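Worth saying up front: this structure is predicted, and the values here are computed from it rather than measured.
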Amino acid sequence: MKIESAKDLRVYQKAYALAMELFELSKESPCEERFALTDQIRRSSRSVCANLREAWAKRRYPAHFVSKLTDCDGENSETDTWLDFARDCNYITGKHHKEMTSICLEVGKMLGSMINNPKPFLISAP
């Protein structure tokens, strides 16, 4: 399959699905968490996807591409942290936590692989 957009990448698809799942799950968060946990977990999970799209647009510049991927990885790690808080505050079940943190781990591994070997994704200079 030819990858024509960041949306075609499995890592993007997994991160996007996780962000949407977290959005749905966070609708059940208590009102007092609206501006803390809820907004933060939505923001960080969405930022993984947004930064991946930015990285994709910068594929002509290896250092910039890797830098944006590193931002993706940081946002993914932040999402994982917010999931820990959600579990420990009893806003999500241990089962949901395990499922979603395993997706975070998988996304992190995929991003790490791209960071360590960016060449297949780069646009060659003419």
Side-chain angles (χ1 to χ4, degrees):
M1 177 181 145
K2 185 173 186 211
I3 298 172
E4 296 183 16
S5 153
K7 291 181 179 183
D8 295 331
L9 297 169
R10 281 191 358 218
V11 66
Y12 179 88
Q13 293 164 2
K14 286 184 175 292
Y16 191 90
L18 178 62
M20 291 307 298
E21 185 175 349
L22 286 167
F23 171 73
E24 290 301 324
L25 205 59
S26 67
K27 288 179 180 179
E28 300 171 17
S29 295
C31 291
E32 66 266 15
E33 289 291 359
R34 183 170 169 214
F35 297 108
L37 181 79
T38 303
D39 284 351
Q40 290 296 328
I41 201 165
R42 286 178 179 179
R43 185 201 52 75
S44 66
S45 64
R46 290 171 178 171
S47 288
V48 176
C49 301
N51 281 310
L52 191 50
R53 296 286 301 274
E54 286 185 48
W56 191 256
K58 301 296 184 178
R59 291 174 297 136
R60 200 173 293 283
Y61 313 100
H64 199 101
F65 179 66
V66 169
S67 176
K68 293 309 292 180
L69 290 175
T70 303
D71 292 344
C72 291
D73 197 35
E75 294 292 343
N76 185 58
S77 294
E78 183 179 336
T79 300
D80 187 75
T81 300
W82 290 120
L83 285 166
D84 290 347
F85 279 108
R87 178 202 55 210
D88 294 345
C89 293
N90 295 314
Y91 299 145
I92 62 172
T93 65
K95 181 182 178 206
H96 272 122
H97 177 268
K98 185 175 181 179
E99 290 169 358
M100 289 183 281
T101 56
S102 70
I103 295 169
C104 281
L105 180 63
E106 191 174 354
V107 166
K109 286 179 181 179
M110 293 170 126
L111 290 170
S113 178
M114 291 174 76
I115 290 165
N116 290 329
N117 186 24
K119 197 169 187 170
F121 302 97
L122 298 174
I123 298 173
S124 301

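Listed here is the closest heavy atom pair of Gln13 and Lys7: NE2-O, 3.0 Å. Minimum heavy-atom separation, Thr93 to His96: OG1-N, 3.0 Å. Of all the heavy atoms in Val48 and Asn76, the pair that sits closest is CG2-N, 3.4 Å. Minimum heavy-atom separation, Ala15 to Cys49: C-SG, 3.6 Å.
For the pair Phe121 and Leu69, the minimum side-chain heavy-atom distance is 4.5 Å or more. Side-chain contact between Met114 and Leu9: present, with at least one pair of heavy atoms (C-beta onward) separated by less than 4.5 Å. Proximity of Trp56 to Ile3: side-chain heavy atoms (C-beta onward) are separated by under 4.5 Å at one or more points.
Taking CE of Met20 as the reference point, atom CZ of Arg42 lies at 9.5 Å (rounded to 0.5 Å). With rounding to the nearest 0.5 angstrom, the SG atom of Cys104 is 12.5 Å from the CD atom of Glu99. Distance check: Leu111 CG to Tyr12 OH gives 13.0 Å after rounding to the nearest 0.5 Å. Rounding to the nearest 0.5 Å gives a distance of 5.5 Å between CD of Glu21 and CD1 of Ile103. Atoms OH and OG, from Tyr61 and Ser67 in turn, are 14.5 Å apart once rounded to the nearest 0.5 Å. Note: Met110 CE to Lys14 NZ = 5.5 Å, rounded to the nearest 0.5 Å.
Aromatic ring pairs are classed by plane angle as parallel below 30°, tilted from 30° to 60° and perpendicular above 60°; the pair Phe85 and Trp82 is tilted.
A salt bridge is absent between Arg46 and Glu75: the closest approach of a Lys/Arg side-chain nitrogen to an acidic carboxylate oxygen does not fall below 4.0 angstrom.
Between the Ser47 side chain and the Arg43 main chain, a donor and an acceptor come within less than 3.5 Å of each other. With hydrogens and angles ignored, the 3.5 Å screen pairs a side-chain donor or acceptor of Ser77 with a backbone N or O of Asp73. Between the Asn51 side chain and the Lys68 main chain, no donor and acceptor come within less than 3.5 Å of each other. Under a 3.5 Å cut-off, the side chain of Ser26 and the backbone N or O of Ser29 do not form any donor-acceptor pair.
Exactly one residue among Thr79, Leu105, Leu18, Ile41 makes a side-chain contact (heavy atoms from CB on, under 4.5 Å) with Met100. That residue is Leu18. Partner of Val107 under the side-chain contact (heavy atoms from CB on, under 4.5 Å) criterion, out of Val11, Leu52, Asp80: Val11 alone.
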